[in-house]
Amino acid sequence: MNNLITIFLAGILTENMVLSKFLGICPFLGVSKKLNTAVSMSLAVIFVMVLSTLVTYPIYANILVPNGLDYLQTIVFILVIAALVQLVEIFFKRFVPPLYRALGIYLPLITTNCAVLGITLLHFTKEYNFVEAIVNALGAGVGFLVAMVLFAGIRSKLETCDIIKPLNGLPITLIAASIVALSFLGFSGLVG
Amino acid sequence: MVFMEIIVAVVIVGIIGFIAGLGLSVASVVMAVPSNEHTEKLRAVLPGVNCGACGYSGCDAYANALAEGSAKTNLCIPGGKSTVTRIAELLGVQADDFMGKKAKVLCNGSYVHTERKIKYKGIPTCDAANMMYSGTSACDYACLGFGDCANACEYGAIEIKNGVAVVDPRKCTGCTKCVSACPKQIIEMLPESANVVVICKSLDKGAVVRRICDVGCIGCKLCVKVCQYDAITVDDNLAVIDQGKCTSCGECVKVCPQNCIKMTA
């Protein structure tokens, strides 16, 4: 149990997908302008991460490894995750319209997001078992949420700042992101 | 056997892909959301130019909003009166009043009237010319006359005459495509009932306008004084007519020293 808590916290703080692994930067920069879009996006990421782990882990362990095809994991995972997210979207549209509207455009957007693919691949380099993998995916998703919410706050402050012209827009956003990432370095050694 | 390994890899990935594809196509048929027939009928009535004049992102979006009952029936300007009545019939509601709008180019600065400050030989579009010292005309608010609006118009309603775009109100459907095509933003949508219009968008001071253009508004306020209905105001050196108050009496047209207020009808 302790082990699981450690994995969960590590996913949020020390091994944060965005701030220490630099995966999922495009949604991080793209939709962190407003808090509510940042939160919806992150919820979709959490959902897809856990779901794709649930599906890709058994495929990897039961189909790819016994046949010596583990080198094909990237291509197979992209295929499976993309199809899965589409399927879930169709399912939601038909049976859970409120959820469909809440996740909206964000669900298809992160179909083959690098953070989603990254987390499913990372389970195996760390040699997690099935339960640990799911907790890890959940932790990474929550970590994404934390990073997005933090950064949405910073960006809304940036909006009102008087920034010199060459740095205005994306440059200052990237600088701010790097400072946030540096600050997360302070957590290293805390868990894991 | 290397060959066998390749075959196994191809077969397994192929099977996974096939299952995924099959699953998706089955799901898209089994769980298809029955699309609203009502929406489709409404969509068929709309002209389908996706101009956005209604305020929705296109004809599909407007049809959806109509079906939900959240939109008024009189928003489709290109469709005109007939579309409004057909929408109202389909929805079974009273048709809202339709007020057509026509595009109007608010500049008279032809070659005769307005000075040119540069000889432009670049890419012959308004957009490109506008990037070069904001265009050929000495006036920053003048029509550039390269016809970006005419190219944007799907109905051939805009012609360039003497270096100024002119909208033919009989052909104009009010789709607003020219409005967004104009880099100078001097095309406006005016209600069909607007008879008296200030054909100028210059915010320059009177002295500047007088030096570079014969037909620009100089903000002299003669029209404001002569108007009995308080329909005219001068903001930022430019006369603006409140079409709601204007009675088309024509007094301002007579008094304007620059002849930039015109009777259109």
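Below, read A as the first sequence line, B as the second, and so on, with proteins coming before strands; counting in each chain starts at 1.
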Toward chain B, the part of [X] with a non-hydrogen atom under 4.5 Å:
| X | result |
| --- | --- |
| A/L87 | both |
| A/Y71 | side chain |
| A/I59 | side chain |

Which atom pair, heavy atoms only, marks the closest approach of [X] to [Y]?
| X | Y | answer |
| --- | --- | --- |
| B/L24 | A/A83 | CD2-O, 3.6 Å |
| A/L79 | B/G17 | CD2-CA, 3.4 Å |
| B/A27 | A/I90 | O-CG2, 3.8 Å |

More than 12 heavy atoms of other groups within 6.0 Å of [X] [atom1]:
| X | atom1 | result |
| --- | --- | --- |
| A/F130 | CZ | yes |
| B/R116 | CZ | yes |
| B/K101 | NZ | no |
| B/K72 | NZ | no |
| A/I75 | CD1 | no |
| B/I123 | CD1 | no |

Which atoms of B/I16 approach chain A - backbone, side chain, both or neither, heavy atom under 4.5 Å: both
Given side-chain contact (heavy atoms from CB on, under 4.5 Å), test A/V76 with B/I12 step by step and report yes or no. CA-CA 10 Å; A/V76 170; B/I12 287 185; over 6 Å; no
